[in-house]
Amino acid sequence: MSNHRTLCRRLAQTAAVFTFVFAGSASATVPAPSAGANVTAHQAHYTYRTLDYPGASDTILFGINDFGEITGQYNLSGLQPHAMLYRLGHFEALNPGGLIGSNNFSAAGGPNNLGVIFIDYADTSGLQHGLLLQWGQVTKIDFPGHPSSNVDGVSLSGAITGVYWGDHGYAHGILRQDGQDTLIDVAGSRETYPLGNNGSGEMVGFWDTSQSDVHGFYRSLGGQITSIDVPIAGTAATIVYAINDVGQIAGEYFDTSGGIHGFVRTRGQYQSLDVPGAATTYVTNINNFGVAVGQYTDAAGNNHGFVATPW
């Protein structure tokens, strides 16, 4: 279970369907594999394309909006991973107002369809903070009473999904809406980690009781929480990263052999997403046209960003 912990900690520290054409990128057009899915015959097909920050040893994509703007994190040799934005065919390192510093850990999510990007970063003392970036304006986000926290989602209405770390280092969820903070904890959980929200006020994430007992969750606008487990995962882990405005959810699951796969759930049906030739695949976000982004690991252990476009 250490792999999913690593990716989630990175997050913690951290228009029409577009046809993406990336210079020098690898691509493949294949039917999405059926392993790991309790599905009908009406599965989507996907075109997979690799998207790597130039010169980076690792790239992870965390967000995509309906205009094809993408956020994430890249890692240059010898430096801490850093937040980035990809739009109009170009990459941009993100360090608004110089708040992140030259070599502090950071990762970016969003943007939503209003252009709001959220950035999570570690300061020089190692404490974590959130930033909102919109039209050149920067807002620092901290949750009172919690010295280390971050932001994991911002809806069009301005609702902020985030987490803080308690005394034992376990994550607890927070929803900030209309200036009020609501704590989000699944009953009986060791930790609860919201990872995304949508325009309807729905929230998704994961909760656990131990490293070997990890489940996704869905929280309705009214606050009702339901666990989510990919059927093929059995007693292995399911983590939900994103929910779009049409109700599709996306994330990752561990199969019974320890393999890691991405998934998308549409109208209650699960479909696995695996980048062709990848050792592992994580789906971290999905926009309203069903275009998914995430990370895959190649046979050499290097991480690459990818975009999966349905057709």
Side-chain angles (χ1 to χ4, degrees), residues 1-14 62 107 109 118 120 127-128 130 141-155 159-177 180-198 200-243 247 249-256 258 260-263 265 268 270 282-285:
M1 303 303 293
S2 59
N3 287 336
H4 100 264
R5 289 289 172 190
T6 299
L7 185 58
C8 289
R9 287 304 177 193
R10 285 178 176 174
L11 280 164
Q13 296 171 330
T14 76
F62 289 139
F118 55 91
D120 299 316
L127 296 178
Q128 294 167 196
I141 303 295
D142 284 310
F143 300 108
H146 307 296
S148 197
S149 60
N150 66 265
V151 176
D152 288 303
V154 182
S155 73
I160 296 172
T161 296
V163 299
Y164 73 92
W165 284 270
D167 294 337
H168 299 289
Y170 298 133
H172 302 274
I174 295 182
L175 173 64
R176 175 169 290 180
Q177 193 166 27
Q180 300 294 318
D181 289 347
T182 301
L183 299 183
I184 309 295
D185 275 310
V186 174
S189 66
R190 181 182 67 165
E191 60 182 343
T192 300
Y193 204 124
L195 285 166
N197 58 2
N198 66 9
S200 300
E202 298 168 303
M203 178 190 297
V204 292
F206 77 88
W207 66 276
D208 67 29
T209 60
S210 68
Q211 279 196 320
S212 60
D213 183 35
V214 183
H215 310 269
F217 77 82
Y218 162 84
R219 183 181 186 270
S220 70
L221 176 61
Q224 182 177 1
I225 294 177
T226 305
S227 287
I228 295 174
D229 292 288
V230 175
I232 197 68
T235 58
T238 296
I239 299 172
V240 183
Y241 286 103
I243 182 169
I249 67 169
E252 70 182 69
Y253 71 92
F254 285 66
D255 64 28
T256 54
I260 304 172
H261 312 269
F263 77 89
R265 191 183 78 176
Y270 291 86
Y282 308 82
V283 177
T284 59
N285 219 307

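Remember, it's a predicted structure, so these values are computed and weren't measured experimentally.
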What verdict does the side-chain contact (heavy atoms from CB on, under 4.5 Å) test give for Thr182 and Ile174, after you've listed the backbone C-alpha separation in whole Å, the side-chain angles of each residue and the deciding distance to 0.1 Å? CA-CA 6 Å; Thr182 301; Ile174 295 182; over 6 Å; no

Flag side-chain contact, heavy atom, 4.5 Å: Asn150 against Trp165: yes

Show your reasoning for whether side-chain contact (heavy atoms from CB on, under 4.5 Å) applies to Val230 and Glu252. CA-CA 9 Å; Val230 175; Glu252 70 182 69; over 6 Å; no

Taking atom types as modelled and ignoring hydrogens, do the side chains of His215 and Asp208 form a donor-acceptor contact shorter than 3.5 angstrom? no

Minimum-distance pair of heavy atoms, taken over all atoms of Val283 and Ala250: CG1-CB, 3.6 Å

Run His172 and Tyr193 through side-chain contact (heavy atoms from CB on, under 4.5 Å) and show every step you take. CA-CA 6 Å; His172 302 274; Tyr193 204 124; over 6 Å; no

With side-chain contact (heavy atoms from CB on, under 4.5 Å) as the test, would you mind laying out the steps for Ile160 and Leu175 before giving the verdict? CA-CA 6 Å; Ile160 296 172; Leu175 173 64; over 6 Å; no

Does the side chain of Val240 come within less than 4.5 Å of Phe263's, by heavy atoms? yes

Under a 4.5 Å cut-off applied to non-hydrogen side-chain atoms, are Asp181 and Pro144 in contact? yes

Flag side-chain contact, heavy atom, 4.5 Å: Val214 against Ile239: yes

Are Pro194 and Phe217 packed together at the side-chain level, in the sense that at least one heavy-atom pair is separated by less than 4.5 angstrom? yes

Could I get the full list of side chain to side chain donor-acceptor pair (under 3.5 Å) partners for Tyr218, not counting sequence neighbours? Glu202

Sub-4.5 Å side-chain heavy-atom contact between Ile184 and Met203: yes

Sidechain-backbone polar pair: Asn198 side chain, Ser200 backbone, donor-acceptor under 3.5 Å: yes

Look up atom CD1 in Ile141 and atom CZ in Arg176, then write down how far apart they are to the nearest 0.5 Å. 5.5 Å

Parallel, tilted or perpendicular, as decided by the 30° and 60° cut-offs, for the rings of His146 and Tyr164: parallel

Under 4.5 Å between any side-chain heavy atoms of Arg190 and Trp207, yes or no? no

Under 3.5 Å, is there a donor-acceptor pair between the side chain of Thr192 and the main chain of Val186? yes

Who passes side chain to side chain contact (heavy atoms under 4.5 Å, CB included) against Leu221, sequence neighbours left out? none

Identified ring pair (Phe, Tyr, Trp, His ring centres under 6.0 Å) counterpart of His261 within the set Tyr282, Phe254, Tyr253: Tyr253

Does Thr161 reach the main-chain N or O of Asn197 with its side chain, forming a donor-acceptor pair under 3.5 Å? no

Note: Phe62 and Ala107 closest approach over all heavy atoms is CE1-CB, 3.7 Å

